[in-house]
There are 2 protein chains.
Amino acid sequence: MKICTTYACHKFFATLANPTRLAIVEILMDSPKNVAQIAQALQQEQSMVSHNLKPLMECAFVFSEKKGRERVYSVNKELMEPLFHLIAFHESKYCPNGRICLTRKGMKLERMKEAQKTLYVNHE
Amino acid sequence: MKICTTYACHKFFATLANPTRLAIVEILMDSPKNVAQIAQALQQEQSMVSHNLKPLMECAFVFSEKKGRERVYSVNKELMEPLFHLIAFHESKYCPNGRICLTRKGMKLERMKEAQKTLYVNHE
DNA sequence: CTCTCACATGAAATCTTCTTCATATGAAAT
DNA sequence: ATTTCATATGAAGAAGATTTCATGTGAGAG
């Protein structure tokens, strides 16, 4: 039986394989926020936040609700909590100090350091 | 506490966000195989399989062992089984017929149909 | 009804990843 | 020692994704 070779499964992972979207998920874990609040928390442009919220919505990783003039986004904790616990366990077992994972081939070093400072966090 | 905005977490998802690598994981769920067997099962070139096995190894999604002249790859079921169960549950809840997920903006339709036929499976 | 605020969308440029083809490596067989 | 088999690696072109800037939209306030 095929479980992971579906386009839905690819989209699931592809949507989370992005530092901006992971950061959005992370700050929504704390509390629901509107677009401007997310943008401010991430120090990113509003249009970038909107662009990245779209695939998160399509995958039901976040939900949204209109409140007056704003739109408030919240995270799907039922999915995200067990998912990140699974990853945390996996990392603690196979990537204890995070060193192996801290290089990426195509990515320019300068840009990566920038990403580390802003969106990523070094887990040492 | 930061749990998902690490590069390790990004790499986790990025590695699985690829049809070839998902297909490799899937056929290894059945039984361990060497590179040539994987290539044959997927109808892909050997070098492509090797290239894609590398990130899977780095993330400890697959393991390998030398056996004589071959190298036999096996999947990390401890991780993959709960991971795909989580996704299956999520999909059953939010993507019941798979329709919403079956389009992708940037992807050329022709290429997508090809991918559907070979690597992906339409879950209807 | 018009203005404005909050957000979404489009398109182009840039950046990243994937695939392919050619070649390298290394261990086992002869 | 040489050949051969199994797999890995490198580099370049193609394909795909992300970001940015400009603009569009629509609901609520005045």
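Note that these values count all heavy atoms, side chains included, but never hydrogens, waters or copies made by symmetry. From a predicted model like this one, the values you see are computed outputs, not experimental measurements. Residue numbering restarts at 1 for every chain, and letters A, B, ... go by the order of the sequence lines.
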Atom CG of A:Leu42 to atom C1' of D:dT18: distance rounded to whole Å?
15 Å

May I ask you to say what A:Arg69 touches in the nucleic acid, namely base, sugar-phosphate or nothing, with a heavy-atom cut-off under 4.0 Å?
base

Rounded to the Å, how far apart are A:Glu45 CD and C:dA6 C1'?
15 Å

Interatomic distance where CD1 belongs to B:Ile38 and C1' belongs to D:dT7 [whole Å]
11 Å

Once you measure the plane-to-plane angle for A:Tyr7 and A:His10, does it fall in the parallel (<30°), tilted (30-60°) or perpendicular (>60°) bin?
perpendicular

Nucleotide D:dA8, atom C1' - distance to CD of B:Glu70 in whole Å
16 Å

Should A:Asn18 be listed as having a side-chain N or O under 4.0 Å from OP1 or OP2 of D:dT18?
yes

Tell me the partner of D:dA17, counting only Watson-Crick (N1-N3 plus N6-O4 or O6-N4) or G-U wobble (N1-O2 and O6-N3) with both under 3.5 Å; none if nothing fits.
C:dT14

Per nearest nucleotide of DNA chain D, the residue lying toward the 5' end, B:Asn34 or A:Asn52, is B:Asn34

Check this for me: does the side-chain of B:Gln46 come within 3.5 Å of the base of D:dA6 through a donor and an acceptor?
no

For D:dT18 and A:Arg21 - does any side-chain N or O of the residue sit under 4.0 Å from the phosphate oxygens OP1/OP2?
yes

Length of the line joining B:Met48:CE and C:dA22:P, which is rounded to integer Å:
17 Å

In Å, rounded to the nearest 0.5 Å, how long is the span from NZ of B:Lys33 to OH of B:Tyr73?
14.5 Å

N/O donor-acceptor pair, side chain B:Thr20 with base C:dC18, under 3.5 angstrom:
no

Check: B:Phe84 and B:Val25 side chains under 4.5 Å, non-hydrogen atoms:
yes

Any side-chain to backbone donor/acceptor pair from B:Lys77 onto B:Val75? Under 3.5 Å, distance only.
no

Take the protein atom NE2 of A:His10 and the nucleotide atom C1' of C:dC18, then report the distance between them rounded to whole Å.
11 Å

With hydrogens left out and only the distance checked, is there a donor-acceptor pair under 3.5 Å joining A:His51's side chain and the base of D:dT20?
yes

Closest to the A:Ser50 side chain, choosing from D:dT7, C:dC18, C:dT9
C:dT9

Can you tell me which residue among A:Glu70, A:Gln40, A:Arg69 is in a side chain to side chain donor-acceptor pair (under 3.5 Å) with A:Asn34?
A:Glu70

Length of the CG-C1' vector between B:Leu56 and C:dC18, whole Å:
14 Å

Any side-chain N or O of A:Tyr73 less than 4.0 Å from the OP1 or OP2 oxygen of C:dA6?
no

When the distance from CG of B:Leu53 to C1' of C:dT19 is rounded to whole Å, what number comes out?
15 Å

Do A:Ser47 side-chain and C:dC7 base share a donor-acceptor contact under 3.5 Å?
no

When you measure from the side chain of B:Lys54, which nucleotide among C:dT20, C:dA8, D:dT9 comes out closest?
D:dT9

